[in-house]
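Remarks on the structure that follows.
Below, each value reflects all heavy atoms present in this structure, side chains not excepted, and no hydrogens, waters or symmetry copies. Chain letters run A, B, ... following the sequence lines, proteins first, then strands; residues in each count from 1.
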2 protein chains.
Amino acid sequence: METIGQILRNKRQELGLLLRQVSAYVDIDQAILSKIERNERKPTKEMLGRLAEILKLDKDELLIQFISDKIAYEIVNEDCANKALKVAERKIKYLKSHPVKN
Amino acid sequence: METIGQILRNKRQELGLLLRQVSAYVDIDQAILSKIERNERKPTKEMLGRLAEILKLDKDELLIQFISDKIAYEIVNEDCANKALKVAERKIKYLKSHPVKN
DNA sequence: TCTATATTTGACACATACTGTCAAGTTATA
DNA sequence: TATAACTTGACAGTATGTGTCAAATATAGA
């Protein structure tokens with residue numbers, strides 16, 4: 001099971017790219033990219049988009065990995081994690097079918 | 001579909017309790033409780049436990065509502081919310097069966 | 001209405017967490 | 001051992017969340 005950091009690092013190395021090169025393309029400090037690849041920092045959505053581009057990864061798939069990572073990390077220590085996920089699923093379905101008026 | 005705030009408020013009113021009374025028991029400012037009930041602030045786990053006690057709610061069930069609320073709110077705007085939930089579920093299963101060494 | 005009580009709101013100071021930048025440190029490779 | 005690649009930690013700035021409080025508003029009863 002790969003974390004988002006591992007996905008990014010693996011693909012970067014596969015493509016033979018350096019931190020320096022990728023971070024320049026994404027327009028971030030290479031220290032940040034290094035930390036992202038080791039899951040020490042979280043990328044923003046903008047970063048994810050650019051990373052997907054240069055690393056030839058599917059943007060949507062990467063976003064899914066990102067979000068699921070965040071959720072998993074957030075609640076993995078809860079005994080009720082799985083039940084909570086199920087309820088969250090229902091809530092999201094409900095919310096999407098009952099848009100909030102502003 | 002009830003939010004955690006609604007659950008708390010409904011039960012409090014059912015029991016005929018005042019914000020003042022419940023907040024005293026939970027040992028928080030009543031302004032905070034008021035905001036929690038309107039989902040303007042999030043309770044801590046300690047608060048949840050005390051709230052469950054005085055409101056005669058199931059502690060675990062309340063925690064599930066709390067966590068699922070947080071997740072749902074976090075990702076409801078993502079197109080890939082459901083897919084991300086599924087992946088998160090797999091990740092959690094994996095993480096739970098492969099404990100990290102410290 | 002007037003009054004008391006219940007609730008809501010917003011401002012505040014404080015704490016906590018996250019941001020990008022940078023330089024110095026470490027690791028890896030030739 | 002020299003060079004390039006990567007990692008680490010400190011830093012200031014910013015954002016976000018916290019509880020406290022008093023004033024504003026809403027609600028209910030006489």
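- In this structure, the CG atom of B/Leu19 is 13 Å from the C1' atom of D/dT27, given to the nearest Å.
- Here D/dT27 presents its P atom at 12 Å from CD of B/Gln13, a figure rounded to the nearest Å.
- Nucleic acid contact for B/Arg20: sugar-phosphate only, since backbone atoms but no base atoms lie under 4.0 Å from a heavy atom of the residue.
- Partner of A/Arg12 under the side-chain contact (heavy atoms from CB on, under 4.5 Å) criterion, chosen from A/Leu55, A/Leu57, A/Ile7: A/Leu55.
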Go through it in stages, so that I can follow the logic: the residues are B/Glu14 and B/Lys56, the test is salt bridge (charged side-chain N to carboxylate O under 4.0 Å, His left out), and I'd like the CA-CA distance, side-chain angles, deciding distance and then a yes or no.
CA-CA 11 Å; B/Glu14 248 178 57; B/Lys56 300 184 167 93; over 6 Å; no
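- Residue A/Lys42 contributes atom NZ, which lies 20 Å from atom P of D/dA15 at whole-angstrom precision.
- Using a 4.5 Å heavy-atom threshold, the side chains of B/Lys83 and A/Asp60 count as separate.
- Residue A/Arg38 has a polar side-chain atom (N or O) positioned under 4.0 Å from OP1 or OP2 of D/dT8.
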Might you work through the salt bridge (charged side-chain N to carboxylate O under 4.0 Å, His left out) test for A/Glu74 and A/Lys70, ending with a clear yes or no?
CA-CA 6 Å; A/Glu74 241 179 56; A/Lys70 198 166 53 157; 5.9 Å; no
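- You'll find the side chain of B/Leu15 stays beyond 4.5 Å of the side chain of B/Ile54, heavy atoms only.
- For B/Arg9 and C/dA6, the CZ to C1' distance is 10 Å, given to the nearest whole Å.
- Between D/dT7 and A/Ser34, a contact under 4.0 Å exists linking OP1 or OP2 to a side-chain N or O.
- At whole-Å resolution of the value, CD in B/Gln30 and P in C/dA6 are 9 Å apart.
- For A/Ile32 and D/dC6, the CD1 to P distance is 16 Å, given to the nearest whole Å.
- Nucleic acid contact class of B/Leu18 (heavy atoms, under 4.0 Å, all strands): sugar-phosphate only.
- Mapping B/Lys35 and A/Ala31 onto DNA chain C via the closest heavy atom, the residue that lands nearer the 5' end is B/Lys35.
- The distance from atom CG of B/Asp29 to atom P of D/dA23 is 15 Å, rounded to the nearest whole Å.
- In this structure, A/Glu40 places its CD atom 14 Å from P of C/dG20, rounding to the nearest Å.
- OP1 or OP2 of D/dC6 sits under 4.0 Å from a side-chain N or O of A/Arg12.
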